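The structure under discussion appears below in the form of structure tokens.
Chain identifiers are assigned alphabetically (A, B, ...) following the order of the sequence lines, protein sequences preceding nucleic acid strands; residue numbering begins at 1 within each chain. All figures in this text were calculated on a predicted structure; none of them were measured in a lab.
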Amino acid sequence: MAKIQTPQPVRGTQDMFGETEERFAHVVATFERVRRLYGFKGLQLPVIEPTAVFSRSLGEATDVVSKEMYSFEDRGGDSITLRPEFTAGIARAYLTNGWQQYAPMKLSVHGPLFRYERPQKGRYRQFHQIDAEIIGAAEPAADVELLVMADQLLKELGIDDGVTLQLNTLGDTQSRDAWRAALVSYFNDHRDVLSEDSLARLEKNPLRILDSKDPDDRGVAYAAPKIDDFLSAEASDFFAAVTAGLDAAGVAWTRNAALVRGLDYYRHTAFEFVTDRLGAQGTVLGGGRYDGLIENLGGLATPAVGWAAGIERLAMLLNGVGKPLRTASIVVEIDSDKLFSVAKQMEKRIRKEGMPCGIISEGNPKKRFDRAKKLGTDYILTLNENADGSFAFGVKRNVLDRYKTTGRLNVALKFYLRDVFGVSPTDWRVVSHGGGTLKLDK
RNA sequence: GCGAUCGUAGCUCAGUUGGUUAGAGCGCUGGUUUGUGGUACCAGAGGUCGGGGGUUCAAGACCCCUCGAUCGCCCCA
């Protein structure tokens, strides 16, 4: 008989469990809380879109469209793509639902995205992002709002340490085009020193030479023409307004004139929060203004700005998952229906008080304690029977109460112990806070 | 798409220049001891050494292919 081969997971996907999952959930929960503080509305969007949503919005970035999207034909012969980003889908929803009527819109989403790439540190084929966008707002205050929110989010996650906000402007269309032309001619004059990769970039995506990692390119890139020399008065004022807004809000930033975007629809502000703690994938949150995108999708020229951040990367940077909930295990030491029913009632009250709790009553007594210890619960409550038929109720505390949550256990069982067993709340208070054993008379 | 490193039990790994029947810790199962403080004891189950092919008297080890993982390059919406 042939052995059944267990199917393997799809490359670049992950199964999250335990601490990994808790970190992930913490990032999402924090984002959901913070985005509300700034008045961003939530969105739920399809994971699949017509391929045109992305191929049209991404425009000339042929590598990205042809090689790095998960696309397939459905049974009707339509080309469908698993969303590789949020922005294009949001723009499509904005247009097809007539959301112009609500402009300017502050929107947020999170969920899975798919890119057919080689997995590496902090980079998966199915990955997850949080995303925030402001559509229909042309003023620099929108950029500032988004950045202030991002800054607060990173601070609340406790990962702002070692993370810096790098900021640049790509100018408006005229500025950007003039700068790009100057760069092409400059790099053409220095072909001899450019790396092989950068010679290819010169044809396809010259701006990208500026942030090349190749040491050969560094010198030329550093001396390359600067956007500042090509900025129109309007573009210059816009950027000044953004930086002034950040300063006023107390958000630290550094100028990175080499920070660029590969796609043509980006204008003005480009930014990345960067860390040195994630190897080659240093960007923790990135975005910019994409005033040209909605036109690419057939809409009226609509200003928009937004950012996205990889949840996995944020989760990796998390130092802890926040304030832990105190937990309890009830060990019923011997098999007894009466003890089990007492345990059940205690468990219910403890849970109702918001403290996770479970009963352990399988295996020999030693195993029960081993299991309770292994669960790492903060309190182990024991139930046994004394020789005289009364119950012995023990409380063992496994942790120092750094978070002042001792009260919960006390409150959960206070009246139960008093009403059913006549235990005085004072005696119970001592035991629940310091540990010890109580005799429960029926 | 390219490069480097790696793949042995459920997990983390050992396994010498190729040489008897592939090991340990943890976990798991059963039991013993003990009214429980992260350290008891005994026993047991569990491995096509990622997969395929080759070299050899002999391959977990060497060679080729393949799949996967990790890290980097390209790309990064």
Side-chain angles (χ1 to χ4, degrees), chain A residues 2-3 5-14 18 49 53-69 81 83-91 113-124 127 129 131 195-201 204-205 207-208 211-214 259-266 270 272 278-283 286-288 290 292-293 296 306-308 310 313 329 331-334 360 362-377 379-387 392-399 435 437:
Chain A
K3 189 176 176 182
Q5 208 57 49
T6 304
Q8 294 303 114
V10 172
R11 177 171 214 180
T13 61
Q14 37 179 350
E49 293 278 357
V53 167
F54 306 109
S55 59
R56 208 151 295 153
S57 71
L58 295 170
E60 67 168 39
T62 51
D63 250 33
V64 167
V65 170
S66 61
K67 298 194 338 209
E68 293 170 18
M69 296 201 312
T81 294
R83 64 183 179 198
E85 60 157 350
F86 282 118
T87 310
I90 293 173
L113 301 171
F114 304 83
R115 294 181 188 176
Y116 196 86
E117 296 180 296
R118 190 80 155 216
Q120 52 182 287
K121 192 180 183 71
R123 194 174 189 180
Y124 305 91
F127 60 104
Q129 285 188 343
D131 180 284
S195 67
E196 214 173 302
D197 283 332
S198 283
L199 285 174
R201 290 188 185 108
K204 292 162 66 178
N205 205 347
L207 300 203
R208 278 283 165 195
D211 58 8
S212 169
K213 289 172 188 161
D214 195 308
L259 180 63
V260 294
R261 294 276 102 110
L263 302 178
D264 285 340
Y265 55 65
Y266 281 100
E272 289 181 5
L278 283 179
Q281 310 298 324
T283 299
Y290 50 95
L293 171 66
N296 287 355
W307 56 250
R313 290 190 197 173
S329 291
V331 175
V332 181
E333 294 187 56
I334 54 168
I360 299 168
E362 297 293 322
N364 63 39
K366 179 67 184 176
K367 287 250 155 67
R368 299 182 189 189
F369 280 105
D370 283 346
R371 190 156 300 165
K373 285 181 197 168
K374 201 163 50 183
L375 283 173
T377 46
Y379 300 94
I380 296 180
L381 313 180
T382 62
L383 280 171
N384 207 335
E385 215 159 347
N386 293 320
F393 177 46
V395 175
K396 182 194 164 187
R397 287 183 51 183
N398 283 326
V399 287
T437 308

- Message: Under 4.0 Å from OP1 or OP2 of B/C75: is there any side-chain N or O of A/Arg208 that close?
- Response: no
- Note on the structure: When every non-hydrogen atom of A/Phe127 is compared with those of A/Phe114, the smallest separation belongs to CE2-N, 4.1 Å
- Query: Starting at the 5' end of RNA chain B, which residue's closest nucleotide do you reach first, A/Pro119 or A/Ser212?
  - Reply: A/Pro119
- Item | Nearest-angstrom distance from the residue atom NZ of A/Lys204 to C1' of B/C74 | 9 Å
- Note on the structure: Taking every heavy atom of A/Phe86 against every heavy atom of A/Gln129, the minimum-distance pair comes out as CE1-O, 3.5 Å
- Message: Between B/A9 and B/C49, how many Å separate the two C1' atoms, rounded to a whole number?
- Response: 10 Å
- Task: Please report the closest heavy-atom contact between A/Val260 and A/Arg208, naming both atoms and the distance.
- Result: O-NH2, 3.8 Å
- So, do A/Thr81 and A/Glu49 sit near enough that their side-chain heavy atoms are less than 4.5 Å apart? no
- Item | Minimum-distance nucleotide to A/Lys121 side chain [options: B/C71, B/A77, B/A69] | B/C71
- Message: With a 4.0 Å cutoff (strictly under), does any side-chain N or O of A/Arg261 reach OP1 or OP2 of B/C76?
- Response: no
- What heavy-atom pair brings A/Ser57 and A/Asn296 nearest, and what distance separates the two atoms? O-ND2, 3.6 Å
- Task: Taking all non-hydrogen atoms of both residues into account, name the closest pair between A/Ala392 and A/Thr437 and its distance.
- Result: CB-CG2, 4.4 Å
- Taking atom P in both B/C62 and B/U17, compute the distance separating them and give it to the nearest angstrom. 11 Å
- Item | Residues which pass side chain to side chain contact (heavy atoms under 4.5 Å, CB included) with A/Ala91, listed by chain and number, not counting sequence neighbours | A/Leu293, A/Ile294, A/Leu297
- Query: So, do A/Leu263 and A/Val64 sit near enough that their side-chain heavy atoms are less than 4.5 Å apart?
  - Reply: no
- A/Gln129 has an atom CD; how far is it from atom C1' of B/A77, in whole Å? 9 Å
- Item | Student check: side-chain heavy atoms of A/Glu68 and A/Pro84 closer than 4.5 Å | no
- Query: If we take the C1' atom in both B/G15 and B/U33, what is their distance in whole Å?
  - Reply: 36 Å
- Query: Taking the side chain from A/Arg368 and the backbone from A/Val331, do they hold a donor-acceptor pair closer than 3.5 Å?
  - Reply: no
- Message: Rounded to whole Å, please give me the gap between CD1 in A/Ile90 and C1' in B/A77.
- Response: 12 Å
Restricting both atoms to N or O, compile the protein contacts to nucleotides 2-6 of chain B shorter than 3.5 Å, with distance only.
unit_1	atom_1	unit_2	atom_2	d
B/C2	N4	A/Arg118	NE	3.4

- Task: Could you state the atom-to-atom distance from NZ of A/Lys67 to P of B/C75 in whole Å?
- Result: 10 Å
- Identify, with sequence neighbours excluded, every residue that meets side chain to side chain donor-acceptor pair (under 3.5 Å) alongside A/Glu117. A/Arg123
- Query: Does a side-chain N or O from A/Asn205 land closer than 4.0 Å to OP1 or OP2 of B/C76, or not?
  - Reply: yes
- Task: Quick one: label A/Gly12 by what it contacts on the DNA or RNA (base, sugar-phosphate, nothing), any heavy atom closer than 4.0 Å.
- Result: sugar-phosphate
- Item | Nearest-0.5 Å distance that lies between atom CG in A/Asp211 and atom CZ in A/Arg261 | 9.0 Å
- Closest-nucleotide 5' rank along RNA chain B - winner of A/Phe54 and A/Pro9: A/Pro9
- Message: Rounding to an integer number of angstrom, what distance separates B/G47 and B/G7 when you compare their C1' atoms?
- Response: 14 Å
- Task: Report yes if at least one side-chain N or O of A/Gln120 is closer than 4.0 Å to OP1 or OP2 of B/G72; otherwise report no.
- Result: yes
Any N/O pairs under 3.5 Å between the protein and nucleotides 25-30 of chain B? List them or say none.
unit_1	atom_1	unit_2	atom_2	d
B/C28	OP1	A/Lys374	NZ	2.5

- Message: Can you give me the dot-bracket string for RNA chain B, 5' to 3', counting Watson-Crick and G-U wobble pairs with both distances under 3.5 Å, using [ ] for crossing pairs and | for partners on another strand?
- Response: (((((((..((((.....[...)))).(((((.......))))).....(((((..]....))))))))))))....
- Message: Does B/C74 have OP1 or OP2 under 4.0 Å away from a side-chain N or O of A/Arg201?
- Response: yes
- Query: Considering only the P atoms, how many Å lie between B/C28 and B/C75, rounded to the nearest integer?
  - Reply: 49 Å
- Check every atom of B/G68, B/A77, B/C73 against the side chain of A/Arg11 and return the nucleotide holding the closest atom. B/G68
- For A/Arg368 and B/G37, what is the distance between atoms CZ and C1' respectively, to the nearest whole Å? 19 Å
- Item | C1' spacing across the pair B/U21 / B/C26, given as an integer number of angstrom | 25 Å
- Query: At under 4.0 Å, does any side-chain N or O of A/Lys213 touch on OP1 or OP2 of B/C73?
  - Reply: yes
- For nucleotides B/G72 and B/C76, find the distance between their C1' atoms and express it as a whole number of Å. 15 Å
- Once you round to the nearest 0.5 Å, how far does OH of A/Tyr266 lie from CG of A/Leu207? 13.0 Å
- A/Thr382 side chain to A/Gly394 main-chain N or O, any donor-acceptor pair under 3.5 Å? yes
- Consider the side chain of A/Arg123, meaning its heavy atoms from C-beta on, and name the nucleotide among B/A69, B/C75, B/C71 that approaches it most closely. B/C75
- Message: Please report the distance, rounded to the nearest Å, between CG in A/Asp197 and C1' in B/G72.
- Response: 13 Å
- Task: Please state how far atom CG in A/Leu207 lies from atom P in B/A77, giving the value in whole angstrom units.
- Result: 11 Å
- Query: Looking only at heavy atoms, what is the nearest atom pair of A/Ser195 and A/Asp214, with distance?
  - Reply: CB-OD2, 3.3 Å
- State which of B/G68, B/C73, B/U36 makes the closest approach to the side chain of A/Lys396. B/U36
- Message: Say we look at B/U55 and B/G60: how far apart would their P atoms be, to the nearest angstrom?
- Response: 16 Å
- Query: Heavy-atom distance under 4.5 Å between the side chains of A/Lys67 and A/Val65, does that happen here?
  - Reply: no
- Distance, rounded to the nearest Å, where A/Tyr379 contributes OH and B/G38 contributes C1': 18 Å
- Task: Pick base, sugar-phosphate or nothing for A/Tyr266, based on heavy-atom distances below 4.0 Å to the nucleic acid.
- Result: sugar-phosphate
- Item | A/Phe393/A/Leu381 under side chain to side chain contact (heavy atoms under 4.5 Å, CB included): CA gap, chis, key distance, verdict | CA-CA 7 Å; A/Phe393 177 46; A/Leu381 313 180; 3.8 Å; yes
Under 3.5 Å, N/O pairs linking protein and nucleotides 33-35 of chain B:
unit_1	atom_1	unit_2	atom_2	d
B/G35	N1	A/Asn384	ND2	2.8
B/G35	N2	A/Glu333	OE1	3.2
B/G35	N2	A/Glu333	OE2	2.7
B/G35	N2	A/Asn384	ND2	2.4
B/G35	N3	A/Asn384	ND2	3.3

- Query: B/C73, B/A77, B/U36: which one has an atom nearest the side-chain heavy atoms of A/Glu117?
  - Reply: B/A77
